[in-house]
Amino acid sequence: MTESIHQTPAEESAGYDPAAIERKWQERWEARGTNHTDLVAGVRPFYALMMFPYPSAEGLHVGNLFAFTGNDIYGRFQRLQGHTVFEPLGFDAFGIHSENFALKVGTHPADLIPRNIDNFRRQLKRSGLMVDWRHELSTTDPDYYRWTQWLFLKLYERGLAYKKRAAVNWCPNDKTVLANEQVINGECERCGAKVEQRFLEQWFFRITDYAGRLLANLDWLDWSESTIQAQRNWIGRSEGAEITFRVQDLEDLTGAATIASGFTGEFSPQPVDIRVFTTRPDTVFGATYLVLAPEHPLVDTFTTDEHRDEVAAYKRRSAKQDLVSRRVSKEKTGVFTGSFAINPATQAPIPIWIADYVLMEYGTGAIMAVPAHDERDFEFANEFDLPIVRVVTPHGSNDMRPPAEAPYLETDSVRLVNSGRFTGLGIADGKQRIIEYLAEHGHARGVVNYRLHDWCISRQRYWGPPIPIIYCDKCGTVPVPEKDLPVVLPYVEDFKPDDTGISPLARVESWYRVSCPTCGGNARRETDVSDTFLDSAWYFLRYPSTDSENVAFDPDITKKWLPVTSYIGGNEHAVLHLLYSRFVTMVLHDAKQVDFEEPFTRFRAHGMIVRDGAKMSKSRGNVVNPDEYIERWGADTFRTYLMFLGAYEEGGDFRDQSIAGVRRFLDRLWSSVERATESGAPDTQVIRKLHQTIKKVSGDLAGLSYNTAIAAMMEYLNVVRRGERQAHRAEVEPLVQLVSPFAPHVAEELWERFGHAESIFDAGWPAFDASLAAEEMATLAVQVAGKTRGRVQVPVGADQEAAVAAAMADPGIAKFVVSTPKKIVFVPGRLLNLVL
RNA sequence: GCCGGGAUGGCGAAACGGGUAGACGCGAGGGACUUAAAAUCCCUUUCCCGCAAGGGAGUCCGGGUUCGAGUCCCGGUCCUGGCACCA
């Protein structure tokens with residue numbers, strides 16, 4: 001029992017030897033298959049999913065481990081509660097990150113990635129996750145991306161994949177397409193050259209067709225509120241109207257328009273209508289000019305000869321600008337087209353301009369400008385001396401002058417002015433009545449717009465799954481037949497993007513030259529690869545079916561295991577990854593491939609872990625390398641510390657000094673178990689505290705409140721050990737179970753020392769006795785006139801009378817009660833307030 | 001600019017339908033054990049006044065509601081994450 005005093009100091013200070021124990025149990029788990037999930041026979045399936053990592057060359061980031069540990073604890077807890085838990089892990093290894101890194105260090109990604117994955121797997125295994133490694137996957141594996149390509153075909157079949165010309169960021173120096181993240185202040189992140197806009201034919205998925213459903217389901221999903229909000233904003237529903245403005249006197253311009261558009265056929269004197277989208281149809285009387293996006297297809301048809309050069313120059317200029325800096329620069333530029341349109345409300349002719357502050361991608365690519373009530377229009381009107389007409393004013397104000405700065409008035413306390421028969425109406429009424437009025441004359445209709453864009457999945461890059469499409473001279477676009485999948489990404493020595501602006505695969509003639517699957521004639525493959533987000537949009541469907549060779553996901557297994565029971569990940573993926581996964585799942589649902597339309601029943605976003613108050617980054621030199629810490633403190637300590645440093649859903653601050661406290665806790669637990677006695681009876685007060693602790697920890701784990709669960713266990717252990725008392729086995733054995741999700745290795749070891757042959761993770765979760773968990777005596781805070789003056793002990797359930805008597809019996813309290821209380825506030829078991 | 005999250009001791013943090021502010025841990029101070037140190041164990045530790053008993057103040061700032069506010073409401077400051085000319 002008191003062996004420890006005979007140990008060498010070094011051994012004693014170590015408390016227990018994590019390295020030996022962790023090795024022992026990791027080996028034993030592997031040998032016993034402890035972490036294997038019986039996907040077929042397992043009862044009460046629980047799919048505990050974590051966002052799979054991108055296997056970087058730097059190795060596992062502590063942020064990954066923070067996320068995974070939190071998920072692992074939750075999974076282990078569910079297992080202990082009787083679920084069959086499936087906790088798979090894989091690698092998101094395609095993409096521009098890997099490719100760029102490989103370029104930088106001069107390795108081939110196909111060589112680099114397996115090394116990185118090996119390193120990640122080693123690190124992950126060391127950290128003691130309950131992962132069933134038999135279901136590991138990598139998105140770069142042809143057995144995986146074969147089905148990514150299959151997924152593309154499913155979308156294509158359903159008309160949800162289409163090709164169109166779209167702008168990309170182009171670095172004229174590196175001669176390559178850049179992702180938006182690679183453009184820093186309008187310059188290439190690598191060489192600093194000014195980035196330009198280029199147009200390429202690209203594949204898109206029609207996610208906008210699903211905007212309404214993607215939005216509506218957010219109402220019932222059990223997800224972190226912040227994530228739901230982010231998705232709502234991203235989908236960006238706005239209600240408004242499409243209003244049609246007719247271009248005036250087009251007859252006079254048609255000759256010019258015909259020439260400009262290269263139109264050589266028969267002239268037909270069709271009037272030209274410009275449709276605009278607005279959320280403020282109530283302000284149509286204040287629309288004093290129209291603005292079209294420079295790339296709007298109608299621009300040339302009504303640009304007058306006089307303005308043709310200027311317009312053409314402006315279009316060239318804005319086309320040259322890269323996508324990012326065009327958004328960043330707020331200066332208003334634009335040119336007049338020379339034409340006028342009729343405002344359908346006022347019948348007045350208003351000038352038509354083009355300007356790059358109007359985006360072709362949103363709405364109709366054209367707006368009616370109401371400079372009095374829109375900040376951007378206001379700036380533009382001031383820049384170019386365009387008229388400003390006030391049409392909204394606060395109640396009771398007779399101010400008809402144009403506002404000095406643009407107030408975006410949309411409240412209950414304003415009314416319309418200068419608006420003909422609608423003057424005097426409120427905003428909501430005005431909107432409705434004006435739409436109705438314009439609609440009668442065919443000038444308007446109510447519409448809903450989303451800011452969500454279709455998903456561009458083409459990447460003019462090498463390191464990704466080739467898009468399974470073949471272009472035939474005769475048959476046109478032909479999807480690769482399913483039986484020919486996968487379209488294997490060839491090993492290409494020179495995968496550097498070049499000045500063609502198209503994928504490196506376009507240089508590999510032996511690969512792209514194929515015969516048409518339909519007619520056998522000359523054909524070539526699509527040489528773009530798909531977006532990494534497509535790889536990760538369905539990986540959760542693959543995990544349970546990694547053994548299925550002939551289907552992407554086995555129908556029976558999928559029915560049993562999906563949708564995912566619990567998904568935990570970072571909010572950096574709140575929008576793209578989670579939205580794309582939802583979209584893909586909905587499509588598969590519509591294609592009768594799965595019987596659910598939402599992939600993740602419950603999602604929780606974990607927080608971010610910083611160090612010494614600042615985000616970890618290589619440049620700051622404050623990156624935590626998990627290996628070092630596991631080496632020094634052991635995986636159990638490291639895991640528990642990560643969970644202790646802050647609220648899981650909020651993140652926390654990593655402090656080197658604080659980790660020692662967690663290690664001390666585990667050391668104390670160890671020594672208490674070592675010294676525990678089985679003779680006699682446990683202390684009843686301690687047992688009472690134990691049951692309270694079980695209750696508290698169970699509740700905290702269910703709510704991911706790991707930090708407070710750990711605090712509760714520490715508090716309990718302090719009670720057990722108070723005054724160097726020897727613990728009874730019955731006092732500490734359940735504590736070992738409570739600790740096991742956090743510190744699985746040491747818990748297994750102690751469990752074995754208690755004489756159990758089975759894994760602690762198959763032993764269930766300790767139950768608490770509600771009557772024991774309840775307190776006998778309550779401490780009541782006593783306030784006199786709202787100030788806390790003392791506390792008294794009363795039996796639980798004591799009534800107000802008893803509480804007052806107890807309070808008045810305390811002279812320290814009674815002395816403040818200088819008059820008869822006017823009012824007594826009594827909260828049973830908590831507080832008594834004597835109001836004088 | 002818009003949308004999230006946040007601000008609590010020397011430090012990381014607790015306080016979950018408004019009800020004992022600071023649980024738990026780190027650090028610090030004191031003590032025990034030791035020839036000594038480390039480790040371990042015990043005590044103290046929000047701040048101010050006081051030898052003490054005790055008293056006062058206190059959760060970013062300013063108001064408000066309430067018997068009672070870290071928590072709710074109004075206004076502001078700062079930090080942090082995301083989006084960004086979305087009509």
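Because only heavy atoms are used, hydrogens play no part in the values below, and waters and symmetry mates are left out as well, while side chains stay in. In what follows, chains are A, B, ... by sequence order, proteins preceding strands, each numbered from 1.
Salt bridge status for Lys431(A) with Glu239(A): absent, with no side-chain N to carboxylate O gap under 4.0 Å. Asp656(A) has no carboxylate O lying under 4.0 Å from a charged side-chain N of Arg632(A), or vice versa, which leaves the two without a salt bridge. Ionic pairing of Arg655(A) and Asp653(A) is present here: one or more N-O contacts between side-chain nitrogen and carboxylate oxygen are shorter than 4.0 angstrom. Electrostatic pairing of Asp222(A) and Arg604(A) counts as a salt bridge here, judged by a charged N lying under 4.0 Å from a carboxylate O.
Here the nucleotide nearest the side chain of Ala711(A), chosen from C24(B), A13(B), U20(B), is C24(B). Among the nucleotides C67(B), G55(B), G25(B), the one closest to the side chain of Ser658(A) is G25(B). Side-chain proximity of Phe816(A) to G19(B), A23(B), G55(B): nearest is G55(B). Among A23(B), A21(B), C41(B), the nucleotide with an atom closest to any side-chain atom of Glu715(A) is A23(B). In the set G12(B), A14(B), G25(B), the nucleotide with an atom closest to the side chain of Leu645(A) is G12(B). Counting only heavy atoms from C-beta on, Val835(A) has its side chain closest to C67(B) among C41(B), C67(B), U20(B).
The phosphate of A14(B) has OP1 or OP2 within less than 4.0 Å of a side-chain N or O from Asn707(A). Remark: Thr640(A) is not in phosphate contact with G25(B), judged by side-chain N or O atoms under 4.0 Å from OP1 or OP2. Look at Arg664(A) and you won't find any side-chain N or O under 4.0 angstrom from OP1 or OP2 of A39(B). Put simply, Asn718(A) has a side-chain N or O that comes within less than 4.0 Å of OP1 or OP2 on G25(B). Contact between the side-chain N/O atoms of Lys823(A) and the OP1/OP2 oxygens of U66(B) is not found at any separation under 4.0 Å. Using a 4.0 Å cut-off, no side-chain N or O of Arg232(A) falls inside it from OP1 or OP2 of C3(B). Here Ser671(A) does not reach the OP1 or OP2 of U40(B): none of its side-chain N or O atoms lies under 4.0 Å away.
Within 4.0 Å (heavy atoms only), Lys787(A) reaches sugar-phosphate atoms of the nucleic acid but no base atom. Residue contacts for Arg789(A): at a heavy-atom cut-off of 4.0 Å it reaches the sugar-phosphate backbone alone, with no base atom in range.
The aromatic rings of Phe384(A) and Trp353(A) sit tilted, their planes meeting at an angle between 30° and 60°.
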